[in-house]
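Since the structure comes first, as structure tokens, the remarks are kept for the end.
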Amino acid sequence: MPAGFPKNTFMQIAQYLKALAAQALHALYGIETDAAQVTINETKPEFEGDYTIVLFQYVKQARKSPEAMGQEMGAWMLANSEENLTAFNVIKGFLNLSVADAYWIHFLENHYQPDYGRHAGNGKKVMVEYSSPNTNKPLHLGHLRNNFLGWSIAELYKWNGYDVRKTCIVNDRGVHICKSMLAWQKFGNGATPESTGMKGDHLVGDFYVQFENALRKEAAPLQEQLLAGESIAALDEAIAAKATLLFQKLQEAGLPAEKKAEITDELKDIARNATTLMQEVRQMLLKWEQGDEETINIWRMMNGWVYAGFDTTYNRIGSDFQTIYYESETYLLGKQYVDEGLAKGVFYKKEDGSVWIDLTAEGLDEKLVLRKDGTSVYITQDIGLAKRKYEDYPMEQSIYVIGDEQNYHMDVLQLICKKLGMPFADGIHHLSYGMVDLPTGRMKSREGTVVDADDLCDEMEKVAAAKTEELGKVEGFTQEELQQLYHTLGLGALKFFLLRVDPKKRMVFNPEESIDFHGFTGPFVQYSFARIQSALRKASWEQPTAPATLAADTVLQPLEKQLIVLLEQFPQVLHNACAEMNPSLVAIYAFTLASQFNSFYARHSITKAENESARQLRLHICALTAHVIQNSMQVLGIAVPARM
RNA sequence: GGCCCGGUAGUUCAAUGGAUAGAAUAGGAGUUUCCUAAACUCUAGAUACAAGUUCGAUUCUUGUCCGGGCUACCA
């Protein structure tokens, strides 16, 4: 080990070089700069070196040419690197530095632990809310992105030393739930999951669809009447007047098509709400809120079916929660903060009794927080829930994994919490993710293009099974082991596919590409892991319990060094992915590592290396690569098989 | 209308203001007496448009064009 080797084993060479460069800048030119400000990149393969410092930004202050500056900096850093550097070269303003092989070998000798990359606990608490389903429909592709992201973010925080609590808010009350219930009463003939053999969430989802179909049928003639300017029965005066007004507007000449569609939709909505079906639904909701026994019983029963169905799916995809909040239990919580806000002058009351907040100064709108009838709206409930969460688990960060269509809503929520002086307000973070589109465009339930989560998992496992059988490499597997493998591969492919893209971005889900097991995919990474395991088995490798000492004549081949360089960056990757709440960084890293391992594997023999020094070196590289692949995939929620 | 987000190879995705814009896949050409060929190697192919900021722009600013989202006394 070179003298003055970076003492902190968590300090990576790149960080060390940044600090060294900052020292050099100070020593040579008196430039004061923070190590974090120094630009460092991996040296492009066509140049000599491992890491490159970019000097352009200092040229003016140093009053030197980039070339001259590079020479001086390089010489200083080399002399003061305590033997961690062996050479440098300068091209334009780029200072290329070569790191000593001894550093890489020393790194490899000392990082044998299976949990390499895991950071010691920091005692900080983080809550991650994700999944948060409605109980009127089964989970679909969009939910899968949410679930995989949420689980992975939680895992990233754990690996970075945080205490994490995963939560979920179940949307189990409201008009939409009553729709399913009413349809079951009307058309269900007492159907149950047992009597139909259907998964509970799907059964209830079907009744929701049946309701919507029946509603559309009933509403159609009413809509036509309204759009023809005729009045319809069952409208109260105020709404009837509104309908008349809208109709008159619709007749105006020169109305833009967009506006026209908007008004038409509004009229259609009025008609829909005038149906007897909707009246019955509202009746039911009222009964539910009054605690009517029969209504509550049906509600309990049907929600029970849904939860059983969800549990099956969650189990299968690996989602879990420490705390589950039910909207039926939390939807009244926010009201008390309305009074508080009024007293503080954060909210104000209109003559009709409704309560509002003015966020126009912050570039948002005026938002309603309490209806004139005194009932709370969505945002009110969310304030209450946010507070409840904090009481349950006083966290520093409260992460909400929610689609980007709610960006505005989440901005409003955080702003209100801030104005109310809630202690957790600053810790709220909306992990906003983009929609999952199909190649044909957006998923639409009305057009039946929604990809069901259970179906998709089935399909992925089927393809995994077919592919595995075709290759015939699983001799000796029991039936149970085979099923386990298909599950690991199918779900691995799916998770990797959804997690490999930056969460913030909208993405396209192409069914054919997602079940591809080649290239930038989960199974590719899993396969690389299986290959390593196979080699380690052949070499009768045993997991070491202490640092190794590799032979003094150990030399690094380019492909070997490349792998070690990558392995050394793993903790930093985990740190960055967590800081940016972006699991795709881990997916990309895992793929790069697996890919480079495969090149290495094709070029060099492990068990039959040229000599014992090389054999030992390669076995150590294999072992650590396996750990890092496994840990990366663990962060993504993906298991790795010993054979496939 | 207002606010927000996006436009990169045929396709799906990368690129803290840094070197010749990377991958994967589809296409073309190869690799197996040797640890798993679900692999490897080679090849061809892209920054919507126009200005500006600067040593340097896919990245920052402005405008244009195209796509998406939000803008409920729904959740």
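For clarity, every value in this text was computed on a predicted model and none was experimentally measured.
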Pairwise salt bridge (Lys or Arg N to Asp or Glu O under 4.0 Å) hits with a residue in residues 530-542 of chain A, at least two apart: none
Please report the distance, rounded to the nearest Å, between CG in A:L359 and C1' in B:C70. 15 Å
At under 4.0 Å, does any side-chain N or O of A:K367 touch on OP1 or OP2 of B:U71? no
Say you pick atom P in B:U12 and the same atom in B:A50; how far apart are they, in whole Å? 23 Å
Modelled atom types, side-chain donor and acceptor of A:Q616 and A:E612, under 3.5 Å: yes
Taking the basic N atoms (NZ, or NE/NH1/NH2) and the acidic carboxylate oxygens, is any pair closer than 4.0 Å for A:E610 and A:R618? yes
Counting only side-chain heavy atoms from C-beta out, which of B:C74, B:U71, B:C40 sits nearest to A:D365? B:U71
Is any NZ, NE, NH1 or NH2 atom of the basic residue among A:R643 and A:E481 found under 4.0 Å from an Asp or Glu carboxylate oxygen of the other? no
Quick check for you: among B:C35, B:A23, B:A39, whose closest atom lies nearest to any side-chain atom of A:S534? B:C35
Counting any heavy atom closer than 4.0 Å, what does A:S354 reach on the DNA or RNA strands: base, sugar-phosphate only, or nothing? base
Same-atom distance (C1') from B:G45 to B:A9, integer angstrom: 5 Å
Looking at B:C3, which nucleotide sits across from it as a Watson-Crick or G-U wobble partner, both distances under 3.5 angstrom, or is there none? B:G69
Measuring from the side chain of A:V377 (C-beta onward, heavy atoms only), which nucleotide among B:A24, B:G69, B:C74 has the closest atom? B:C74
Spacing of A:I270 atom CD1 relative to B:A72 atom C1', expressed in whole Å: 13 Å
In terms of side-chain geometry, is the basic nitrogen of A:K268 or A:D265 positioned less than 4.0 Å from the acidic oxygen of its partner? no
In whole angstroms, how far is the C1' atom of B:C70 from the CE atom of A:M410? 15 Å
Within less than 4.0 Å of OP1 or OP2 of B:A23, is there a side-chain N or O belonging to A:S595? no
Selected nucleotide, minimal atom distance to A:R371 side chain, candidates B:C40, B:U36, B:C73: B:C73
Any protein N or O atoms within reach of nucleotides 16-22 of chain B? Criterion: under 3.5 Å, listing atom names and distances.
{"unit_1": "B:U16", "atom_1": "O4", "unit_2": "A:T39", "atom_2": "OG1", "d": "3.2"}
{"unit_1": "B:A19", "atom_1": "N6", "unit_2": "A:T52", "atom_2": "OG1", "d": "2.8"}
{"unit_1": "B:A19", "atom_1": "N6", "unit_2": "A:N96", "atom_2": "OD1", "d": "3.1"}
{"unit_1": "B:A19", "atom_1": "N1", "unit_2": "A:N96", "atom_2": "OD1", "d": "3.4"}

Under a 3.5 Å cut-off for both contacts, is B:C49 paired Watson-Crick or G-U wobble with anything, and if yes, with which nucleotide? B:G63
Identified pairing partner of B:C35, criterion: Watson-Crick or G-U wobble below 3.5 Å: none
So which nucleotide does B:U41 pair with, by the Watson-Crick or G-U wobble rule with both distances under 3.5 Å? B:A29
Is A:R446 paired with A:E212 through a side-chain N to carboxylate O contact shorter than 4.0 Å? no
Nearest whole angstrom, please: distance from the P of B:A72 to the OH of A:Y378. 15 Å
Does A:T375 use its side chain to pair, donor to acceptor, with the backbone of A:R371 at less than 3.5 Å? no
Could you check whether any side-chain N or O of A:E266 sits under 3.5 Å from a backbone N or O of A:I263, counting only pairs where one atom can act as donor and the other as acceptor? no
What's the CG-P distance between A:D265 and B:C74, to the nearest Å? 17 Å
If you compare every side-chain N and O of A:H409 against the phosphate oxygens of B:C70 (OP1, OP2), does one of them come in below 4.0 Å? no
Would you please confirm or rule out a distance under 4.0 Å between OP1 or OP2 of B:C35 and any side-chain N or O of A:R615? no
Between B:C73 atom P and A:I379 atom CD1, what is the distance in whole Å? 13 Å
Test: salt bridge (Lys or Arg N to Asp or Glu O under 4.0 Å). Region: residues 485-509 of chain A. Which pairs qualify, not counting sequence neighbours? A:D437-A:R506, A:D502-A:K504
When you match A:L485 and A:K538 each to their closest nucleotide on RNA chain B, which lands nearer the 5' end? A:K538
Interface polar pairs with nucleotides 3-13 of chain B, N/O, under 3.5 angstrom:
{"unit_1": "B:C13", "atom_1": "OP1", "unit_2": "A:V508", "atom_2": "N", "d": "2.6"}

Atom-to-atom span, CD of A:Q526 to C1' of B:U36 - whole angstrom: 15 Å
Rounded to whole angstrom units, what separation is found between the CG atom of A:L585 and the C1' atom of B:A14? 10 Å
Could you work out the separation of B:G7 and B:U11 based on their P atoms and round it to a whole Å? 15 Å
Results of side-chain hydrogen bond (donor to acceptor under 3.5 Å, both in side chains) for A:Y589 - residues two or more places apart only: none
Mind checking what makes side-chain hydrogen bond (donor to acceptor under 3.5 Å, both in side chains) contact with A:T380, not counting sequence neighbours? none
